[in-house]
Amino acid sequence: MKKVIVLCFFSMLFLALHAEKQFTLKSPDGVLSTTIVIGEKLTYDICCNGNQVLMQSPISMILSDGTVWGEKPRLQKSKTASVDETVNSPFYRSKQLKNNYNALTLYFKKNWSIEFRAYNDAVAYRFISTQKSPFTIQNEEVNYCFPSDFVASVPYVKSGDDNSVESQFFNSFENTYTVANLSELNKNRLMFLPLVVDAGNGVKVCITESDLESYPGLYMQSSTEGNKLRGVHAPYPKTKEQGGHNMLQMVVKERETYIAKVDKSRSFPWRIAVVTTQDKNLAATNISYLLASPSRLDDTSWIKPGKVAWEWWNDWNIDGVDFTTGVNDDTYKAYIDFAAKNGIEYVILDEGWAVNLKADLMQVVKDIHLQELVDYAAKQHVGIILWAGYYAFDRDMENVCSHYAKMGVKGFKVDFMDRDDQEMVDFVYRAAETCAKYKLVLDLHGMYKPAGLNRTYPNILNFEGVHGLETMKWSSPEVDQIKYDAMIPFIRQVAGPMDYTQGAMINAVKANYYPCYSQPMSQGTRCHQLALYVTLDSPLNMLCDTPSNYNREPESKEFIAQIPTVWDETIFLDGKLGEYVITARRSGDIWYVSGITDWTARDIELDCSFLDDKSYTGDLFKDGVNAHRVGRDYKRESVQISKHTRLKIHLAPGGGFALKIQ
């Protein structure tokens with residue numbers, strides 16, 4: 001009897017093993033691979049140079065009718081493909097991007113499939129539905145199961161007074177990074193994307209998503225089941241009420257039992273694991289852009305990136321004038337004059353120009369005459385961008401866009417969405433489409449990660465979703481913005497451009513910084529601020545400080561005013577997550593190179609071998625000898641450079657350098 005039982009056991013084991021199907025997909029260079037296993041569950045892993053950095057992780061899509069894509073899946077067929085092409089990427093970090101990957105698509109019964117792609121720096125997958133009748137999705141199972149208790153760098157959401165999941169779904173997607181082992185992460189706090197896991201031996205894994213359309217954004221949560229991160233989505237809103245910041249938001253009061261409504265055949269967002277063996281390659285990945293849907297705009301000739309003279313951060317402060325500054329015509333004409341004189345393309349009228357608490361963008365405060373300001377700016381070749389609270393913009397979008405486009409306004413800065421459920425994601429796409437119809441650019445604040453949307457709608461020039469310089473108006477000295485600056489090129493910037501709003505002329509070393517709302521300062525040195533204009537992807541880039549402060553610092557002002565905001569080529573020369581990064585960008589025949597460091601002073605040697613075989617002159621801004629004591633201290637010098645140059649530069653604590661080569 002025992003022999004029969006043993007034989008039956010091994011027979012069942014044999015059948016079970018042979019019932020599983022496995023597919024292995026490798027990157028074009030063979031460094032990365034993923035093995036997809038089709039058994040009781042659908043799982044995949046990731047290996048880098050033969051070492052497993054992600055264990056077999058189950059994935060599935062759970063429909064509200066009880067159907068589960070990925071549970072006991074029945075494979076019908078598979079298809080492979082290889083792609084090696086060049087993608088145009090206007091208004092981004094390089095004019096063109098290489099799109100090279102191997103793909104595997106698995107087709108299953110019940111009208112669904114899943115596509116995997118292996119790039120040289122990433123593995124990604126997405127579910128695809130061919131079902132034509134409407135249905136709802138109860139949940140999507142997303143898991144990242146790591147083989148060890150790795151160290152992670154994660155941004156927790158900032159939420160209300162309680163730790164409920166619902167309160168965490170209402171957030172601005174802004175926070176510094178917590179660095180801890182996977183086992184030490186807070187099990188009750190959601191993390192927004194991107195985030196990075198250090199898999200050891202130089203390998204970093206950045207988790208993010210792309211092509212987020214008509215679907216809720218992905219959060220991660222630490223699991224109690226080993227070294228695992230699991231996905232969480234905000235359910236679809238059921239009831240809402242007007243409220244939030246100055247009555248400009250819609251606050252969700254109750255949610256449905258499903259996360260998304262689907263009315264036709266469609267693909268779902270890409271789940272991405274960027275895997276690199278050098279930190280600089282993590283900063284250099286273009287995966288979010290490459291996996292996004294191509295541009296839906298036939299004509300992009302009217303889209304104009306550039307810099308913005310911005311009044312909100314410096315609290316409308318201009319000194320040495322004979323009028324009271326504030327939200328009034330005289331103040332904005334002064335900003336327009338400043339922009340025109342310095343070749344700055346735009347001026348933003350931030351919050352305050354529309355009547356407060358009305359959520360009505362057709363009601364303008366009495367001290368502002370918009371048509372007069374738009375005309376005044378146009379005569380000097382400066383464009384006007386208007387700030388708009390989300391609900392005020394959404395409730396009257398077509399009329400608002402039509403009215404202000406006819407007036408000559410060039411775009412909107414829409415703020416305080418503070419959600420990424422399916423309804424809010426639908427709003428963002430609708431706003432992009434409507435603005436494009438009227439040839440208006442967009443800058444999205446209070447916003448989740450770009451997720452490739454800058455490719456699909458290139459009139460969206462920038463996105464917040466970053467713990468930017470504005471937070472220095474109120475953050476305590478315990479907030480380490482300098483460490484954060486040295487992390488975002490490797491984490492947040494993986495998802496796309498960001499409106500960080502750099503450019504402070506009042507610069508404080510670590511011991512001297514304090515929050516000041518009306519006359520704010522930066523942490524770190526002047527050259528750190530100059531460097532950020534090159535370090536960060538930002539097609540619509542702010543000059544955050546007051547015209548008066550810039551005019552007192554003409555060298556810094558003129559250098560910033562000349563820096564492009566989009567590039568023909570970008571190279572990340574060196575860097576280490578959370579410590580430093582060196583970036584080179586080319587526009588035409590001119591190169592800009594930047595470096596920033598954390599609070600550790602560094603001596604770097606800039607390898608200029610990326611240059612052509614010509615002689616160049618460099619205009620170098622570097623930390624002054626006393627920059628460790630006085631943050632504004634810098635030295636400007638002219639240097640002769642060739643491709644053989646190894647330029648030695650000292651970075652003060654919290655410091656940086658900026659170099660123009662021509």
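The residues of the chain are indexed from 1 along the displayed sequence. Both backbone and side-chain heavy atoms feed into the values below; hydrogens, waters and symmetry mates do not.
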Identify the two heavy atoms, one from [X] and one from [Y], that lie closest to each other, and give their separation to 0.1 Å.
X	Y	answer
P194	C206	CB-SG, 3.8 Å
N99	V87	CB-CG2, 3.7 Å
P237	E423	CG-OE1, 3.8 Å
L75	K21	CD2-CD, 3.8 Å
F412	A388	CD2-CB, 4.2 Å
L97	S89	CG-OG, 3.4 Å

Side chain of [X], backbone of [Y]: donor and acceptor closer than 3.5 Å?
X	Y	value
R93	A284	yes
N175	Y156	yes
Q422	P216	no
S288	G496	no
D279	L577	yes
N143	P58	yes
T434	A431	no
N462	M498	yes
Q56	C145	no
S27	N120	no

(message) Tell me every residue that passes side chain to side chain contact (heavy atoms under 4.5 Å, CB included) with N111, counting only those two or more places apart in sequence or in another chain.
(response) T130, Q131
Is any side-chain heavy atom of [X] closer than 4.5 Å to a side-chain heavy atom of [Y]?
X	Y	result
L361	D396	no
L290	Y101	no
T176	V479	yes
L291	D211	no
L297	I303	yes
R419	F170	yes
L229	V154	no
W270	T208	no

(request) Ignoring hydrogens and angles, state whether a donor on the side chain of S172 or D418 is under 3.5 Å from an acceptor on the partner side chain. (result) no
Measure the spacing between [atom1] of [X] and [atom2] of [Y] and express it to the nearest 0.5 Å.
X	Y	atom1	atom2	value
F490	Y177	CZ	OH	11.5 Å
L54	F150	CG	CZ	9.5 Å
C435	Y457	SG	OH	11.0 Å
N454	L442	CG	CG	12.5 Å
Q493	T285	CD	OG1	11.5 Å
S78	F23	OG	CZ	4.0 Å

Kindly state each residue pair satisfying salt bridge (Lys or Arg N to Asp or Glu O under 4.0 Å) with at least one member in [range], sequence neighbours excluded.
range	result
residues 59-82	none
residues 446-459	E209-K449
residues 132-153	K41-E141, E140-R271

(request) For K26, enumerate each residue passing the salt bridge (charged side-chain N to carboxylate O under 4.0 Å, His left out) test, keeping only those at least two apart in sequence or located in another chain. (result) none
Which of parallel (below 30°), tilted (30 to 60°) and perpendicular (above 60°) describes [X] and [Y]?
X	Y	answer
H245	W387	perpendicular
F146	Y144	parallel
F427	Y390	perpendicular
F192	F173	perpendicular

(message) Does this structure show an ion pair linking E213 with R266, if we count only N-O contacts that are shorter than 4.0 Å?
(response)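 Looking at R266 together with E213, the answer is no, because their closest N to O distance does not fall below 4.0 Å.
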Between side-chain atoms of residues 250-257 and protein atoms elsewhere (two or more places apart, or another chain), which donor-acceptor pairs fall under 3.5 Å?
residue	atom	partner	partner atom	Å
R255	NE	E166	OE1	2.6
R255	NE	E166	OE2	3.3
R255	NH1	P235	O	2.6
R255	NH1	D421	OD2	3.1
R255	NH2	D421	OD2	3.4

(request) Assess whether atom CG of D84 is packed by more than 12 heavy atoms of other residues, nucleotides or ligands within 6.0 Å. (result)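 Result for CG/D84: enclosed.
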(request) May I have the step-by-step check of side chain to side chain contact (heavy atoms under 4.5 Å, CB included) for Y448 and L212, ending in yes or no? (result) CA-CA 10 Å; Y448 54 85; L212 176 62; 3.9 Å; yes
(request) Go through L25 and Y44 one step at a time and tell me if the side chain to side chain contact (heavy atoms under 4.5 Å, CB included) criterion holds. (result) CA-CA 10 Å; L25 180 68; Y44 82 110; over 6 Å; no
(request) Before giving the answer on side chain to side chain contact (heavy atoms under 4.5 Å, CB included), spell out for C48 and L32 the whole-Å C-alpha distance, their side-chain angles and the decisive distance to 0.1 Å. (result) CA-CA 5 Å; C48 177; L32 299 184; 3.8 Å; yes
(request) Show the numbers, then the answer: is there a salt bridge (charged side-chain N to carboxylate O under 4.0 Å, His left out) between R296 and E433? (result) CA-CA 9 Å; R296 294 177 185 169; E433 183 179 18; over 6 Å; no
(request) Report the C-alpha separation of C401 and K437 in whole Å, then their side-chain angles, then the decisive distance to 0.1 Å, and conclude whether the side chain to side chain contact (heavy atoms under 4.5 Å, CB included) test is met. (result) CA-CA 9 Å; C401 289; K437 176 181 174 181; over 6 Å; no
